Student: 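Can you keep this structure in mind? I'll have questions shortly.
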Amino acid sequence: MMDVVIRNGRVVTPGGVFEGDVGIVEERIAALGEGLRGNAEIDATGCYVLPGAIDPHVHLQMWAGDYRSSDDFASGTIAAACGGTTTVIDFVEPADAEPLLSALAARRAEADGRVAIDYGLHMTIDAWHAARPEELASLPEVVAVGVPSFKIYQAYGRLRLDDVLLHRALRAVALVGALPIVHSENGPLCEELRAEALAHGHIDPCYHALTRPARQEAEAVNRVIDIAALAESPLYIVHVSCADAVARVESARKRGEPVYGETCPQYLTLTADALDGPHGERFICAPPLRSHADQGALWAALAGGALDVLATDHCPFTADEKAGHLDFTTIPGGLPSVEARLSLAYTLGVRAGKLSLERRVEVCCTAPARIFGLARKGHIAPGFDADLVVFDPEAEVLLSADVLHEQVDWTPYEGTSLSGWPRHVFSRGRPIVRDGDYVGQPGWGRFVFRERR
Ligand code: MN
């Protein structure tokens, strides 16, 4: 006798689709099969049963200059849950001279007791820390408390590592068996192009994209791939946005190098044309939105395996915070999409014939769990956490800020109609979304100790 049985769903894993029941005992999946009996039974006829999705790239209540991303750990994880995401991985950003472990404790204090779903953290290695051998020597202590992934930037002021620091940091991360995850853009070159644009009076949002062209991203991707090879480090490139960068990742993989790539819904669904629209300023994010041709390359890479993960880089700022700037360079960058990711991937990916059912589960659930060391998540099999989504492929949702739970007054997907939305969501066996309504409790989520094998 199970505690809960999800009956007659079409269970999707990267290995295939089968019709049957999923049995839950306490917090874990206990059995798969037919005719399972439980104290509670949920009819999933006509629905897909998916592993809870994992979003390994979110920025909740994150300071960006004078602005703080508008979703906090409660609102952002409730929105994630409503969209079928049951684990997020956010970031620790230590200040200069702040020990990594102190920064980690401070970030955990912000999240613990407030998160609606389980969460993990990546540690950021900025230039101050990368330049100090005694700081890099503390990486094993960070890994020992369940943080085996380190964010590294090739752009952005104090966060940016030059090639020497990049090499040192990658070597240190590799030495402790952890994974570096890299924001790959050529920062100094983008700064030069921005200054040049401003000098010519080019202040409109479209210049954000024009001053961060695809080839500078590809150049940075290629460079970090080579430096990672020299440092004998694996590598995960976040938010790959363009065909040129995909090509660099693909050739590294063909050489057999352990390079992973991620893209995000915004790069698959929007183009730089949005920057010329009535609220162009809202669409500023980095890397910037690209072209239709780039979208095609990204879908193909996601489907074909040249890219591994679909994450969001969820980082919302309100319409007011985005508006009224003298030029494009001071607009806080980032877009919301933590809630709609899984459904966007279904309607615009699976239904449009660009992604198989299995591949969608792989890139949204299973691959992020495997790559980031979430040993009991991202898969439907006995022993795994009962993080499950009953996904109704016929549910029609017209996206707008009003229907989403994200704490932001606009969405880049305003007016997009989706066919398919989560009906029920379970987190460690407990229903947190029922019939589309959030029924969980902030604080239910826990910090997940991650371990890379
Ligand atoms: Mn990011």
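What you see below is based on every heavy atom in this structure, not just the backbone, and it leaves out hydrogens, waters and symmetry mates. Keep in mind that this is a model prediction, so the values were computed, not measured.
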Student: What is the minimum heavy-atom distance between Ala252 and Val259, and which atoms define it?
Tutor: CB-CG2, 3.9 Å
Student: Which pair of non-hydrogen atoms, one from Tyr267 and one from Val240, has the smallest distance, and what is that distance?
Tutor: CD1-O, 4.2 Å
Student: Crowded around Glu396 CD? As in, over 12 foreign heavy atoms under 6.0 Å?
Tutor: yes
Student: Hey, do the aromatic rings of Tyr156 and His183 have their centres closer than 6.0 Å?
Tutor: yes
Student: Look up atom CG in Leu193 and atom CG in Leu210, then write down how far apart they are to the nearest 0.5 Å.
Tutor: 10.0 Å
Student: If every non-hydrogen atom of Val249 is compared with every non-hydrogen atom of Ile237, which pair is closest and at what distance?
Tutor: CG2-CG1, 4.5 Å
Student: Supply the atom-to-atom distance Ile117 CD1 to Thr85 OG1, rounded to the nearest 0.5 angstrom.
Tutor: 6.5 Å
Student: Give, for atom OG of Ser149 and atom CD1 of Ile371, the distance between the pair rounded to the nearest 0.5 Å.
Tutor: 11.0 Å
Student: Is there a side-chain hydrogen bond (donor to acceptor under 3.5 Å, both in side chains) between Thr124 and Glu93 once you walk through the steps?
Tutor: CA-CA 5 Å; Thr124 304; Glu93 292 193 347; 4.5 Å; no
Student: What pair of heavy atoms forms the shortest contact from Leu335 to Ile284, and how long is it?
Tutor: CD2-O, 4.3 Å
Student: Please find the pair of heavy atoms, one from Leu100 and one from Met123, that lie closest to each other, and give the distance.
Tutor: O-CE, 3.2 Å
Student: Run the salt-bridge test on Glu110 and Arg68 with the 4.0 Å N-O cut-off and return the result as yes or no.
Tutor: yes
Student: Rounded to the nearest 0.5 Å, how far apart are NZ of Lys377 and OG1 of Thr87?
Tutor: 4.0 Å
Student: Cation-pi check for Phe391 against Arg360: NZ or CZ below 6.0 Å from the six-membered ring centre and within 45 degrees of the axis, yes or no?
Tutor: yes
Student: Exactly one of Asp71, Asp72, Asp90 should register a salt bridge (charged side-chain N to carboxylate O under 4.0 Å, His left out) with Arg114. Which one does?
Tutor: Asp72
Student: Taking all heavy atoms of Pro422 and all of Val389, pick out the closest pair and write down the distance.
Tutor: CB-CG1, 3.9 Å
Student: Quick check against the 3.5 Å criterion: does Gln154 have a side-chain atom that pairs as donor or acceptor with the backbone of Gly187?
Tutor: no
Student: Specify whether Tyr236 and Tyr260 have parallel, tilted or perpendicular ring planes, treating 30° as the upper limit for parallel and 60° as the lower limit for perpendicular.
Tutor: tilted
Student: Does anything in residues 134-159 pair up under salt bridge (Lys or Arg N to Asp or Glu O under 4.0 Å), and if so which pairs, sequence neighbours excluded?
Tutor: Asp96-Arg158, Asp126-Arg158
Student: Counting distance only, does the side-chain N/O of Arg212 pair as donor-acceptor with the main-chain N or O of His208 below 3.5 Å?
Tutor: no
Student: For the pair Arg171 (side chain) and Ser233 (backbone), establish whether a donor and an acceptor sit closer than 3.5 Å, ignoring hydrogens and angles.
Tutor: no
Student: So Tyr119 and Asp112, side-chain hydrogen bond (donor to acceptor under 3.5 Å, both in side chains) or not? Walk me through it.
Tutor: CA-CA 9 Å; Tyr119 81 103; Asp112 289 336; 2.6 Å; yes
Student: Angle class for the His200/His202 ring planes (parallel below 30°, perpendicular above 60°, tilted otherwise)?
Tutor: parallel
Student: If only side-chain N and O atoms count, and only distance matters, is there a donor-acceptor pair under 3.5 Å linking Ser241 with Arg290?
Tutor: yes
Student: Is a donor on one side and an acceptor on the other found under 3.5 Å between the side chain of Arg428 and the backbone of Trp444?
Tutor: yes
Student: For Ala306, is there any backbone N or O sitting under 3.5 Å from a side-chain donor or acceptor partner on Glu250?
Tutor: no
Student: Any donor and acceptor pair, going by atom type alone, linking the side chain of Glu262 with main-chain N or O of His239 inside 3.5 Å?
Tutor: yes
Student: Before accepting this row, confirm whether a basic side-chain N of the pair Arg370/Glu362 lies closer than 4.0 Å to the acidic partner's carboxylate O.
Tutor: yes
Student: Assess the residue pair Thr318 and Asp320 against the criterion (side-chain hydrogen bond (donor to acceptor under 3.5 Å, both in side chains)); give the C-alpha distance rounded to whole Å, side-chain angles, the decisive distance to 0.1 Å, and a yes or no.
Tutor: CA-CA 5 Å; Thr318 64; Asp320 268 358; 5.7 Å; no
Student: What about the rings of His122 and Phe372, do their centers lie closer together than 6.0 Å?
Tutor: yes
Student: Please report the C-alpha distance between Glu281 and His325 in whole Å, then the side-chain angles of each, then the deciding distance to 0.1 Å, and finally whether the side-chain hydrogen bond (donor to acceptor under 3.5 Å, both in side chains) criterion is met.
Tutor: CA-CA 9 Å; Glu281 73 280 359; His325 292 256; over 6 Å; no
